[in-house]
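Because only heavy atoms are used, hydrogens play no part in the values below, and waters and symmetry mates are left out as well, while side chains stay in. Bear in mind the structure is a predicted one, so any value in this text is a computation, not a measurement.
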Amino acid sequence: MIRKIEDALEVVFVGLLTFLPLVFYVIQKITSVQVPGSEYGIANLVFLFACMAGVITWREDRHLSLASFSGKLPPNVRGVTDAVSNGATVFVLTMLFVNAVCQLINPDQFAMTVWGIPVKVAFVFLPLCYVAMLCMVAAKKERLVSTVVGAVLGIVLSMGAITGILYYLFGFGADNVPALFAIFNGWNFIAAKCLWLFIVFFVVLAFLGVPLFVVLAGIAFVLLSMNGGYTDQIPLETYRMFTDRNIAAIPLFTIAGYILATSSAGQRYVELFKALFGWFRGGTVIAAVLVMTFFSTFSGVSGVTILALGSLLSVVLKGSGYSDSRAESLITSSGAIGLLFPPSAAIIMYGTTNYFSVDVFDLFRAAIIPGIIMMIAMIVMGVIFDRQDERAPFSLPAIGTAVVNCIPELLMPLFICIFYFIGVFDLFETSAFAVFYAYLLSTVIRRDFSFRKSLAVVAESIPISGGVLFILGAASGISYFILDANVPAIVTDAITGMVTNKYVFLILMNIVLLIVGCLMDMFSAILIVSPLLLPIAEYFGISPLHAGVIFLMNLSIGFLTPPVGMDLFISSYTFKKPLPKVIKGIVPFLLVQFAVLLLITYVPWFTSALFV
């Protein structure tokens with residue numbers, strides 16, 4: 001029953017986030033009057049959606065994590081690592097809860113009201129979200145001891161927040177509770193002295209399968225403790241991230257992509273591109289790459305496209321004479337190309353994080369030509385490996401039929417690009433339109449889903465967006481530390497003192513970003529690493545847009561980079577192939593992507609051509 005209530009409530013939030021922006025837009029256009037509190041109200045609805053999505057994602061065990069290596073350990077060792085991972089997870093969730101409560105009762109925070117409702121009513125969902133996760137962990141009685149130890153440590157080491165709570169409630173200061181302040185100061189001292197030890201500890205936890213948002217929140221906690229103990233900034237940064245209007249577009253685009261991927265849209269696109277290109281050598285390859293690119297622009301996480309369409313496209317390619325290995329390698333290698341095309345969540349995230357230097361709209365334009373080159377490179381590779389002699393003949397009637405059958409699907413990306421790029425909708429309104437159109441298309445026009453089934457599909461998409469949002473919330477705490485401690489300036493001074501040549505710096509930047517791309521998820525890498533590299537790139541005279549495209553291309557290739565590129569594991573799971581075979585198959589495609597990366601890196605014209 002609780003599960004059904006959670007899913008129903010989250011579907012209602014999706015409906016509100018889809019329809020309210022469009023309704024407010026129509027009202028404003030008709031009456032030329034802004035609906036009072038509309039933007040702030042919708043922002044807090046996004047916050048409620050994000051909190052509930054986090055709970056559902058935890059319930060479904062779908063929070064993003066690196067592949068766990070604990071399963072390969074001996075049973076006695078695995079028992080210890082599982083206990084440590086569980087205790088650390090409880091510690092972090094307890095810490096997040098205590099710090100969120102501290103800000104909840106802070107009289108200086110969330111004093112505003114929206115539509116007559118205090119914002120504190122919305123913020124209370126964040127500590128409740130952490131409590132729900134803790135309850136689900138505590139329900140696993142076999143880990144009771146590590147759960148209790150983690151909770152106690154979470155409370156003890158969150159003394160900064162607890163003393164804040166006592167101050168807000170009773171006016172207690174250091175004179176009233178000196179022992180608590182001594183614990184607080186002692187922990188801050190330990191955090192400063194053992195900073196790298198703690199960071200290594202949390203990184204190891206990531207490889208043991210602990211959710212990435214827990215790992216990032218733990219690192220943020222240690223960094224802020226070392227820097228003065230303002231750990232209650234983590235929930236504030238999480239709230240700021242969840243209520244950012246551009247960030248709110250990411251889960252909506254993800255939901256739209258998921259609806260399309262589970263409907264008949266994928267099959268219709270495949271049939272269209274087969275009719276257009278299937279009559280000549282490599283035509284089926286063009287169809288597969290175009291379909292993968294289109295759907296990954298929406299999903300935000302390339303692995304979703306591989307999971308949703310990998311089997312379908314594999315059958316199409318193998319039916320055209322491809323071997324299993326070549327077909328699956330091409331699909332895997334094409335999974336992240338869409339991250340370079342609008343409305344890519346990666347571009348939205350990068351532009352939002354570095355809004356002082358780049359504009360999301362301009363970054364979309366700068367990435368189009370590099371994206372097309374990468375797509376063409378994969379098509380060329382696919383054509384080279386196409387050995388089939390027999391193909392369906394060219395048929396104009398078949399093309400006409402396929403085009404007519406796919407008109408509504410073709411109109412969707414056209415409408416999205418037109419409405420956004422000519423300024424009819426802002427990014428969030430465009431994402432709301434995308435969900436509305438995808439739902440209307442799959443439920444009313446195509447009738448792929450009944451009404452009940454359509455709601456189930458929307459509910460199934462929630463864990464994808466929930467995992468992304470909580471990573472953003474946790475990583476924003478590290479971003480706050482980076483800016484507060486003036487880390488970008490320190491790193492810039494250090495690197496420019498050692499590297500004086502622009503081209504040497506570009507080589508080093510690519511190497512570092514490839515490593516980052518295969519070890520970190522895309523969104524936390526953008527939040528944490530891009531603010532560090534962008535000032536250095538500008539120092540060497542590299543335009544922010546060019547640096548942004550290089551950054552994003554590296555991350556997309558990082559999904560494929562051994563040993564822990566995320567898409568390698570997703571492909572292994574989707575096609576039921578051992579990881580070494582997946583890696584061996586994608587090597588030729590990966591080398592070509594490296595070559596395209598170098599081309600874009602050293603020929604900046606490709607990122608600036610559309611601005612001439």
Within the 4.5 Å heavy-atom criterion, are Glu237 and Ser479 side-chain neighbours or not? no
Quick check for you: to the nearest 0.5 Å, what is the distance between Leu532 atom CG and Ile490 atom CD1? 10.0 Å
Heavy-atom side-chain proximity of Phe49 to Leu469 below 4.5 angstrom: yes
Tyr480 backbone acceptor or donor facing Asp484 side chain under 3.5 Å: no
Any side-chain heavy-atom pair of Ile165 and Asn106 under 4.5 Å: no
Under the 3.5 angstrom rule, does the side chain of Lys120 hit a backbone N or O of Thr113 as a donor-acceptor pair? no
Assert yes or no for the condition that the ring centre distance of Tyr130 to Phe97 is strictly below 6.0 Å. no
Go through the steps to decide whether Val92 and Leu96 satisfy the test side chain to side chain contact (heavy atoms under 4.5 Å, CB included), and finish with yes or no. CA-CA 6 Å; Val92 172; Leu96 290 171; 4.0 Å; yes
Report the residue from Phe425, Phe253, Phe364 that forms a ring pair (Phe, Tyr, Trp, His ring centres under 6.0 Å) with Tyr420. Phe364
In terms of heavy-atom contacts, Gly473 and Ser476 come closest through O-OG, 2.5 Å
Show the nearest heavy-atom pair for residues Gly154 and Ser158, with the distance to one decimal. O-OG, 2.6 Å
Rounded to the nearest 0.5 Å, what separates atom CG in Leu20 from atom CD1 in Ile42? 5.5 Å
Side chains of Phe428 and Leu252 in contact at under 4.5 Å (non-hydrogen atoms): yes
Taking all non-hydrogen atoms of both residues, which atom of Ala151 and which atom of Val90 are closest, and how far apart? N-CG1, 3.4 Å
Separation between CD of Gln233 and CD of Gln103, rounded to the nearest 0.5 Å: 7.0 Å
Flag if over 12 foreign heavy atoms under 6.0 Å of CG, Asp61: no
Heavy-atom pair with the smallest gap, counting every atom of Leu17 and Ala432: O-CB, 3.8 Å
Counting only heavy atoms not in Phe181, do more than 12 fall under 6.0 Å of its CZ? yes
Is there a side chain to side chain contact (heavy atoms under 4.5 Å, CB included) between Glu460 and Tyr258 once you walk through the steps? CA-CA 9 Å; Glu460 289 169 8; Tyr258 189 87; 3.3 Å; yes
In sequence, state the C-alpha distance, the side-chain angles, and the governing distance for Thr601 and Asn510, and then conclude on side chain to side chain donor-acceptor pair (under 3.5 Å). CA-CA 9 Å; Thr601 298; Asn510 279 324; 3.2 Å; yes
Would you say the side-chain atoms of Asn227 pair up with the backbone N or O of Leu223, donor to acceptor, closer than 3.5 Å? no
If you define the side chain from C-beta out and look only at heavy atoms, does anything of Glu429 sit under 4.5 Å from Arg245? yes
Audit row: Tyr239, Phe47, ring pair (Phe, Tyr, Trp, His ring centres under 6.0 Å) steps and yes/no: CA-CA 7 Å; Tyr239 176 82; Phe47 179 77; 4.9 Å; yes
Would you check if Met112 and Tyr40 make a side-chain contact, meaning some heavy-atom pair closer than 4.5 Å? yes
From Leu9 CG over to Ile56 CD1, what is the distance, rounded to the nearest 0.5 angstrom? 8.0 Å
Looking at every non-hydrogen atom in both residues, tell me the closest pair between Leu472 and Leu527 and how far apart they are. O-CD1, 3.5 Å
Is there a side chain to side chain contact (heavy atoms under 4.5 Å, CB included) between Val14 and Ile462 once you walk through the steps? CA-CA 9 Å; Val14 173; Ile462 300 303; 3.8 Å; yes
Determine, step by step, whether Ile190 and Phe198 satisfy the side chain to side chain contact (heavy atoms under 4.5 Å, CB included) criterion, reporting the C-alpha distance in whole Å, the side-chain angles of both residues, the deciding distance to 0.1 Å, and the verdict. CA-CA 10 Å; Ile190 294 172; Phe198 286 122; 4.1 Å; yes
Assess whether a salt bridge exists between Asp82 and Lys140, defined as any Lys/Arg side-chain N lying under 4.0 Å from an Asp/Glu carboxylate O. no
Heavy-atom pair of closest approach, residues Ile234 and Met95: CD1-SD, 4.3 Å
Begin with the C-alpha distance, continue with both residues' side-chain angles, and end with the deciding distance and a verdict on ring pair (Phe, Tyr, Trp, His ring centres under 6.0 Å) for Phe202 and Trp196. CA-CA 10 Å; Phe202 280 109; Trp196 289 107; over 10 Å; no
Measure the shortest side-chain to side-chain distance between Thr607 and Leu545 over non-hydrogen atoms and say whether it is less than 4.5 angstrom. no
Please tell me if the side chains of Phe13 and Leu48 come closer than 4.5 Å, counting only heavy atoms from C-beta onward. yes
Are side-chain N/O atoms of Thr147 and Asn86 paired as donor and acceptor at under 3.5 Å? yes
Residue pair Phe481, Phe221: steps toward the ring pair (Phe, Tyr, Trp, His ring centres under 6.0 Å) verdict: CA-CA 10 Å; Phe481 162 79; Phe221 176 70; over 10 Å; no
Basic-acidic side-chain contact under 4.0 Å: Glu6, Arg3: no
Atom pair CE (Met553) and CG (Leu597), whose distance is rounded to the nearest 0.5 Å: 5.5 Å
Short question: side chain of Asp244, backbone of Ile247 - any donor-acceptor pair under 3.5 Å? yes
List the steps and the verdict of ring pair (Phe, Tyr, Trp, His ring centres under 6.0 Å) for Tyr167 and Phe172. CA-CA 4 Å; Tyr167 174 78; Phe172 286 179; 9.6 Å; no
Residue from Ile557, Leu363, Leu513 passing side chain to side chain contact (heavy atoms under 4.5 Å, CB included) with Leu552: Leu363
Rounded distance (nearest 0.5 Å) linking atom CE of Met52 with atom OG1 of Thr57: 11.5 Å
Per side chain to side chain contact (heavy atoms under 4.5 Å, CB included), Val516 is matched among Ile526, Val529, Ile528 by Val529
Could you check whether any side-chain N or O of Glu10 sits under 3.5 Å from a backbone N or O of Ala53, counting only pairs where one atom can act as donor and the other as acceptor? yes
